[in-house]
2 protein chains.
Amino acid sequence: METSVYAKDCPSRQILDRIGDTWSVLVVVMLADGAHRYTELAKRIEGVSPKMLTQTLRGLERDGLISRTVHPVVPPRVDYALTSLGQSLYGLVEGLEKWAEAHIDDVQAARVAYDSGV
Amino acid sequence: METSVYAKDCPSRQILDRIGDTWSVLVVVMLADGAHRYTELAKRIEGVSPKMLTQTLRGLERDGLISRTVHPVVPPRVDYALTSLGQSLYGLVEGLEKWAEAHIDDVQAARVAYDSGV
DNA sequence: CAGAATCCTATATGATACTG
DNA sequence: CAGTATCATATAGGATTCTG
């Protein structure tokens, strides 16, 4: 075990796992511009099932990345928003997007070359 | 589809998927300090099966992130190394590690609070 | 040594229907 | 509206064996 990243429970791995989770990142991006309700998220994040959305929101909430505010009204209204920690994570996601946009052409070209060569 | 990140095939998603992949990141980290042979990787990356290691290496190679050099000797010798694109990606991984180390305490505290509150 | 082939299981995810 | 419960499945991943 030379560097910490090899342990399953190291900090990097835990963050990596969350970043690698499709729905988590999408939710964070969605909430970057302000709070949203459950149904708004469900509608705007295409293809997500209620089950996965709830599971994702719970995970993000547990990690302190988003807040969940229940308004005691009928019908129910629940707002989700990024915490300051979540906003900090969003900064990381933005970095990822920048890298992706800057290098996706290289990756795509490499794939074409690889696929034609094999 | 408001932002590109919602598409399955957008640049960010593709990079995210690779970053989120356990073994890919570990291989990149392993190769950050220089080239390594297949068996070295297999030994030092704990718990990886030949199947997953090969699959991971092929994926990284296809994306132009690592190079694969076969030495025509007996017994076979194959070296893997980061390409310049791969080194660039490693920069991103380092950024992730820094964020993780800086904020893991907050995340952990949030988890404890959440678990005790529920 | 480097990896391919095979078999098998666990987990993640999806679809759907229901409820306070 | 904001979920929960249930069922079904796909597929990622692991263990193992074999070979150029």
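Below, chains carry the letters A, B, ... as their sequence lines are ordered, and counting in each starts from 1. Just so it is clear, the structure is predicted and the values come from calculations on it, not from any experiment.
Residues from residues 62-77 of chain A with heavy atoms under 4.0 angstrom of DNA chain C, sorted by number: Pro76(A).
Shown here for His36(A) and Met30(A), the closest heavy-atom pair between the two residues is CD2-O, 3.3 Å.
Summarising the geometry, atom CG belonging to Leu82(B) is positioned 9.0 Å from atom CG belonging to Asp33(B); distances are rounded to the nearest 0.5 Å. Here the straight-line distance linking atom CD of Glu40(B) with atom OH of Tyr80(B) works out to 12.0 Å at 0.5 Å rounding. Taken to the nearest 0.5 Å, the CG atom of Leu60(B) stands 11.0 Å off from the CD atom of Gln55(B). The distance from atom CG of Leu53(B) to atom NZ of Lys43(B), rounded to the nearest 0.5 Å, is 13.0 Å. Between atom CG of residue Asp21(B) and atom CG of residue Leu26(B) there is a gap of 8.5 Å, rounded to the nearest 0.5 Å. Rounding to the nearest 0.5 Å places CH2 of Trp23(A) at 7.5 Å from CD1 of Ile45(A).
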Shorter than 3.5 Å, N or O on both sides, protein versus nucleotides 5-13 of chain D: list them out with atom names.
unit_1	atom_1	unit_2	atom_2	d
dG13(D)	N7	Lys51(B)	NZ	3.2
dG13(D)	O6	Lys51(B)	NZ	3.1

Might you work through the side-chain contact (heavy atoms from CB on, under 4.5 Å) test for Arg18(A) and Leu65(A), ending with a clear yes or no?
CA-CA 11 Å; Arg18(A) 190 154 293 295; Leu65(A) 297 165; 3.4 Å; yes

Test side-chain contact (heavy atoms from CB on, under 4.5 Å) on Ile66(A) and Leu31(A) and set out the steps.
CA-CA 9 Å; Ile66(A) 66 173; Leu31(A) 295 179; 3.8 Å; yes

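Comparing Val48(A) and Asp79(B) by the nucleotide of DNA chain C whose heavy atom lies nearest to each, the residue mapping closer to the 5' end is Asp79(B).
One interatomic measurement links the two molecules: CG of Asp17(A) to P of dT11(C), which rounds to 15 Å at whole-angstrom precision. The CD1-C1' distance, from Ile45(A) to dT13(C), rounds to 15 Å in whole Å. In this entry the distance linking CD of Glu40(B) with C1' of dG3(C) reads 16 Å, nearest Å. For the pair Leu53(B) CG and dC1(C) P, the interatomic distance rounds to 14 Å; values are reported in whole Å. Atom pair His36(A):NE2 and dG3(D):P shows a separation of 15 Å (rounding to whole Å applied).
Val78(B) and Val74(B) fall into different hydrophobic clusters, defined by Ile, Leu, Val, Met, Phe, Trp and Tyr side-chain heavy atoms under 4.5 Å apart, directly or through other members. Side-chain heavy atoms closer than 4.5 Å link hydrophobic residues (I, L, V, M, F, W, Y) into clusters, and following such links, possibly through other members, connects Leu57(A) to Val70(A).
For the helix from dC1(C)-dG20(D) to dG20(C)-dC1(D), the rotation axes defined at the first and last 5 base pairs enclose an angle of 50°, given to the nearest 10°.
Of the side-chain N and O atoms in Tyr80(A), none sit less than 4.0 angstrom from OP1 or OP2 of dC1(D). The phosphate of dA2(C) has OP1 or OP2 within less than 4.0 Å of a side-chain N or O from Arg37(B).
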